[in-house]
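Structure, as structure tokens:
We name chains A, B, ... by the order of the sequence lines, and we start the count at 1 in each one. Values in this document were obtained by computation on a predicted structure and should not be read as measured data.
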Amino acid sequence: MITNPFIESRDLFAKDLSDRLSVEDFKKIFTPVFANEAIGKVCQNGKYDISILRTYGIEVKNFYFDTMLASYILDPDQKHNMDSLSEKYLKYSPIPLTDLIGAKKNPELIFNVDEKTLCNYAAEDSDITFRLYEKLSAELKKENLEKVAYEIEFPLAPVLEDMERAGVKVDEKALNKFNMRLEKLIDEYKKKIWEIAGEEFNINSTKQLQVILFDKLKLPKSKKTKTGFSTNAASLEALKGKHEIVDTLLDFRQVTKLRNTYVDALPKLIHPRTGRIHTTFNQTVASTGRLSSFNPNLQNIPIRTELGKEIRKAFIAGNDRNVLLSADYSQIELRIMASICEDETLMKAFHNKEDIHRSTAALVFMTPPEEVTPDMRRKAKEVNFGILYGIGAFGLRNRLGISQAHAQEIIDTYFNTFKNVKAFIDNSIQTAKAKGYAETLFGRRRYLRNINSDNRTVRQFEERVAINMPIQGTAADMIKIAMINIFNELEKRKAKTKMVLQVHDELIFDMPEEEVDEIKPVIIELMENALPLKVPVTVDAGIGKNWLEAH
DNA sequence: GGATTGAGTCT
DNA sequence: GGAGACTCAATCC
């Protein structure tokens, strides 16, 4: 598919492509092809092409194949840009775009390129994409990856385009107001730190901070970094109570992070015409099958701390008749693990709708469930997370601040209780070693080329990946299927509800209040049944005027 | 000016 | 020395 590099994907409004081609002419030329259901479309990064064409009022029909996505499905850790794919699969290096518009890639220069050069470049682009399609479609079939492609990734692309275009409303005034509060705090903390340190220095500089903490104030050093000793939050936590500077430092870090990364940055990304923030979802970066979000990343909006919650509050419904609906999978990764390993104890806990961390605590600490203390539950929660990540006694000791022997004891008891979980872990590693890759319930793969490495650190890392990827990846498969089904259902019902965000196990919708009664149960049902497991899958859904309220 | 490092945010 | 991402400021080259 030929697209004009002058048009930026962030441009949601049509403009003439040049003095020779009006929007009307553009539509006239391309609509008969792209809007024709009988013509299948083969693209490299079709989400982008779909977006450009929609900007011009052309709805792409029959989006059939995407070479970039195919490459990602075949081997997610490779490069997926067209030039790389061409070199890899066609042994051919395409005309570099920089030949046309210079090393600095100034898009305006495209107008200086003569027509013949431009045509050759564009025609080659299309030719390569089609040749790649021939190679990659055969490869998908051969590797048994057609389901992931045709049932998940290809149909998901237009859904993501629609979400990006919808965007999410952010309350700029609320952020500005919060900013004033943060500025005051930053100033206060900064002065206090300087006063305690006895000198003014750049607190953001780890280099300067190390001198203050470890040389001047003689605080005990803990973890090493490449360039010195760590001043990160975990290290500072360990120093709490040893010196009054530590608490203020942690507070300073928190508020500067909130200001720099969110409160200052988000308003700049509000689109002047839509008044909303339009993130971009990357469908081909995460090795496990998850999505990522950038410019801005809306998958790491704070929620943990009181100050952080203020930022979530600034994500609001599109207008005063709308609400946000947040629907998230409950304990999805543990449910997937239970389903894969068919552990009776774990499956029973989910069938009985138990609080899984409490039940784990009861079994691991051999205590009646009603006598489980908050601290026991917290520890069990860490154990459950640790299991999903392939943790060892060393890691658990660090997380819980207990002795390694005690950590080992907890792990032993856990595996003794959940016998199939131990079998699942061993089996995941063995299968990955034998096949050379880990895979999800749906068949998505991730190659583990170093799982037989002689280097213990390298090998053990991939052993942990072999445990985690099938779980995290299956959760990704599940929510992606749900997104496709929900999108289609909303379209079928001609609903005004828009899906606007995905945060790994959660979907956010911006919807008219009067649609809630009809649509909310539909969303829950489609999420819960997207990819049936051997344990119940449950979704919690809430509504509110802002994201914090809804979640 | 681009790349790296260390830090912190989320699931 | 638990999995997966993205962003920011300082520093390095």
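For residues 403-425 of chain A, the pairs satisfying salt bridge (Lys or Arg N to Asp or Glu O under 4.0 Å) are A:Lys422-A:Asp426, with sequence neighbours left out. The ring-ring contact (aromatic ring centres under 6.0 Å, His included) contacts involving residues 444-481 of chain A comprise A:Tyr437-A:Tyr447, where partners must be two or more places apart or lie in separate chains.
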Solution key, residues 475-483 of chain A side-chain donor-acceptor pairs under 3.5 Å, sequence neighbours excluded:
unit_1   : atom_1 : unit_2   : atom_2 : d
A:Asp477 : OD1    : A:Arg444 : NE     : 2.7
A:Asp477 : OD1    : A:Arg444 : NH2    : 2.9
A:Asp477 : OD2    : A:Thr440 : OG1    : 2.6
A:Lys480 : NZ     : A:Glu153 : OE1    : 3.3
A:Lys480 : NZ     : A:Glu153 : OE2    : 2.7
A:Lys480 : NZ     : A:Gly289 : O      : 2.6

Look for any protein N or O under 3.5 Å of an N or O in nucleotides 1-4 of chain B and output each such pair with its distance, or none.
none

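Within a heavy-atom distance below 4.0 Å of DNA chain C, the residues of residues 184-211 of chain A found are A:Asn202, A:Asn204, A:Ser205, A:Lys207, A:Gln208. For residues 544-551 of chain A, proximity to DNA chain C is found at no residue, defined as any non-hydrogen atom under 4.0 angstrom from a strand atom. Within residues 410-422 of chain A, no residue places a heavy atom under 4.0 Å from DNA chain C. Listed by residue number, there are no residues of residues 527-539 of chain A with a heavy-atom contact under 4.0 Å to DNA chain C. Within residues 444-458 of chain A, the residues that place at least one heavy atom under 4.0 Å from DNA chain C are, in residue-number order, A:Arg446.
Looking at heavy-atom distances under 4.0 Å, A:Arg253 makes contact with sugar-phosphate atoms alone, never a base. Among the protein residues, A:Ala233 comes within range of the sugar-phosphate backbone only, with heavy atoms under 4.0 Å from sugar or phosphate atoms but none that close to a base.
Of the candidate nucleotides B:dT11, B:dA7, B:dT9, B:dA7 has the atom nearest to the side chain of A:Thr225.
Geometrically, A:Lys147 engages A:Phe442 in a cation-pi contact defined by less than 6.0 Å to the ring centre and at most 45° from the axis.
Straight-line distance between the C1' atoms of B:dT4 and C:dG2: roughly 25 Å, to the nearest whole Å.
Between A:Lys192 and A:Glu244 there is no salt bridge, since no side-chain nitrogen of the basic residue lies less than 4.0 Å from a carboxylate oxygen of the acidic one.
For A:Asp77, the side chain to side chain contact (heavy atoms under 4.5 Å, CB included) partners at least two apart in sequence or on another chain are A:Asp75, A:Ser287, A:Arg446. With sequence neighbours excluded, the residues that form a ring-ring contact (aromatic ring centres under 6.0 Å, His included) with A:Phe418 are A:Tyr414.
Atom CG of A:Asn297 and atom P of B:dT11 are 11 Å apart (whole Å).
Counting distance only, with no hydrogens placed and no angle test, the side-chain atoms of A:Arg290 and the base atoms of B:dT11 include a donor-acceptor pair under 3.5 Å.
Bounding nucleotides for the chain A contact on DNA chain C, 5' to 3', at a heavy-atom distance below 4.0 Å, are C:dG1 to C:dC12.
OP1 or OP2 of B:dA7 has at least one side-chain nitrogen or oxygen of A:Thr231 nearer than 4.0 Å.
Between the side chains of A:Asn81 and A:Ser84, at least one donor N or O sits under 3.5 Å from an acceptor N or O.
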